[in-house]
Amino acid sequence: MIQLIRGFKDILPEEIPVWQQVEQTATALFEAFGFREIRIPVMERTELFARSIGEGTDIVEKEMYTFPDRKGDLLTLRPEATASVARAYIQHKRYAVDPVQKVYTIGPMFRRERPQKGRYRQFYQINAEAFGVASPLMDAQIIHMLAVLLDRLRVTAVTAHINSLGCPVCRPGYKAALCDHTAAGVDNLCADCKRRRTQNPLRVLDCKVPTCREAVAGAPSLLDHLCDACRDHFTTVTESLDLLGVSYEIDKQLVRGLDYYTRTTFELQTRSLGAQSAVAGGGRYDGLVAALGGPDTPAIGFAIGFDRLVEIMMQTQPPVRQAPDLFVAALGDESRKAAFSWSSALGARGIGTEMDLSGKSLKGLMKRADRLGARYVMIVGDAELAQQAVVLRDMETKTQQTLPIEGIVDRVAKQVRGKAADEPGRTAAESN
RNA sequence: GUGGGUGUAGCUCAGUUGGUAGAGCACUUGGUUGUGGCCCAAGUGGCCGUGGGUUCAAGUCCCAUCACUCACCCCA
């Protein structure tokens, strides 16, 4: 039998309500903050990612799904969304329409990593990006928005970590200082860090190997090496977060895996997903648009790990099977014909209706109705039909009534709707 | 890419020192029940992940491979 690709997964019907809840909550909130949806393709020219994410990063070096198409163009399944959104911003000259563009997008990303808890090769992200705003207030607002979202979703065990990566003015100086600091203990560094020390010294900071942690323990902090402009920016971010009542931790070790980040970076971390602690992450990338050939444009954005968020929520809210409002149980050929047309009519009216078409016994039908969790069961037998009546049973109160066939669809619809109106939760979950 | 754990019915799992498979749940049917839930009975359903090897004989031992899973790594 053909199985799905490693690291890919099916999202089954039982899980969908949680996904929809996350998606709806997020989009409603983002819209309220002035973000608009943008939909971008899942494939781009490889060059876009190589240039934006950075040639030396793990993502570009060994995790992308890249292949030549039939004409030989190198294409890549997107490993992240920001590059595409920036590309669209430039390509459609959105800055001419309005230099400030706030957009969000939802969709699958692809990275060929070894699958693990909370880590898939096709995973979903919700991204939000704000172009054209240099103010640190925007940084704070975006982090605030993220905190509000998690709060709305009742995801609690999450803390916001923030840091500043500086800018092209101050970062080189810091890298040199860090390189000097670790020079003394080079021999104690892990093999990876020995390489990183010179190639990408910042990466040594978040290595988890104990000896490496020791080596960087007394390392100079990037925050102490910020230029005046970056320091002011960061100070305003933290002050604004205080103003907005967002709690956070300054995490000097927080480094991003994508080269385009500058200044503010942040990550929302949880302990409930094993080693995959990041639920959302992002930061400022003031140089990206220019690097991709657009006008010099400040920007900031983040990505939420949709799958991870859903998994955290599943831990507290186990998946629920959605129940129909009404189950139609027909006994006998004549009854089935009549009941079939009624159930179709009820479905067309938006009543959650389920009917067994297979000709089971009454016991079998009732069992099925019970398993589906239907609130009402309409029983139509040939005998009742002869008397121009059907039985409507309320499974919850265990009461039932006999209804005349005349105008039966209206009667049943009214009855079921009436009940549903008393139970808003039920209606919301079941109506489509 | 590296390491650990796992792979037997739809699901959760048993399977003893190697002798060609079991339970519970689910499903189907029947009985009982005031037309479902409880109970009783019967039944359907497994190339024991795949391919090799050892053996008279392999779910059971060996090798390989694939998949799942956790961790490293990386990141959301």
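Below, read A as the first sequence line, B as the second, and so on, with proteins coming before strands; counting in each chain starts at 1.
Nearest-nucleotide assignment on RNA chain B puts the 5′-proximal partner with A:P115, out of A:Y261 and A:P115.
As judged by a 4.0 angstrom heavy-atom cut-off over every strand, A:G381 is placed among residues making no nucleic acid contact. Counting any heavy atom pair closer than 4.0 Å across all strands shown, A:K367 reaches sugar-phosphate atoms only and no base atom. Residue contacts for A:F327: at a heavy-atom cut-off of 4.0 Å it reaches no nucleic acid atom on any strand shown. Within the 4.0 angstrom heavy-atom criterion, no nucleotide atom of any strand lies near A:K9. Residue contacts for A:G118: at a heavy-atom cut-off of 4.0 Å it reaches a base atom on one of the strands shown. At a threshold of 4.0 angstrom between heavy atoms, the contacts of A:I379 include nucleobase atoms, whether or not backbone atoms are also involved.
Checked by distance alone, A:R393 brings a side-chain donor or acceptor within 3.5 Å of a matching partner on the base of B:G36. Under 3.5 Å, the side chain of A:K363 and the base of B:U32 form at least one donor-acceptor pair of N or O atoms. Evaluation of atom-type donor-acceptor distances gives a pair under 3.5 Å for the side chain of A:R119 against the base of B:C73.
B:U28 and B:C38 have their P atoms separated by 14 Å, given to the nearest Å. With C1' as the reference atom, B:G52 and B:G43 are 38 Å apart, rounded to whole Å. B:G59 and B:G49 are spaced 12 Å apart, taking the C1' atom of each and rounding to whole Å.
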What would the secondary structure line of RNA chain B be in dot-bracket form, counting Watson-Crick and G-U wobble pairs under 3.5 Å, with [ ] for pairs that cross earlier ones and | for pairs with another strand? (((((((..((((........)))).(((((.......))))).....(((((.......))))))))))))....
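Residue A:R308 has its side chain nearest to B:C75 when only B:C75, B:G36, B:A67 are considered.
The cationic atom of A:K102 (NZ for Lys, CZ for Arg) does not lie both less than 6.0 Å from the six-membered ring centre of A:F33 and within 45° of the ring axis.
Not one side-chain nitrogen or oxygen of A:Q116 sits closer than 4.0 Å to the OP1 or OP2 atom of B:C70.
The list of ring-ring contact (aromatic ring centres under 6.0 Å, His included) pairs with a residue in residues 259-278 of chain A, not counting sequence neighbours, reads A:Y260-A:Y285.
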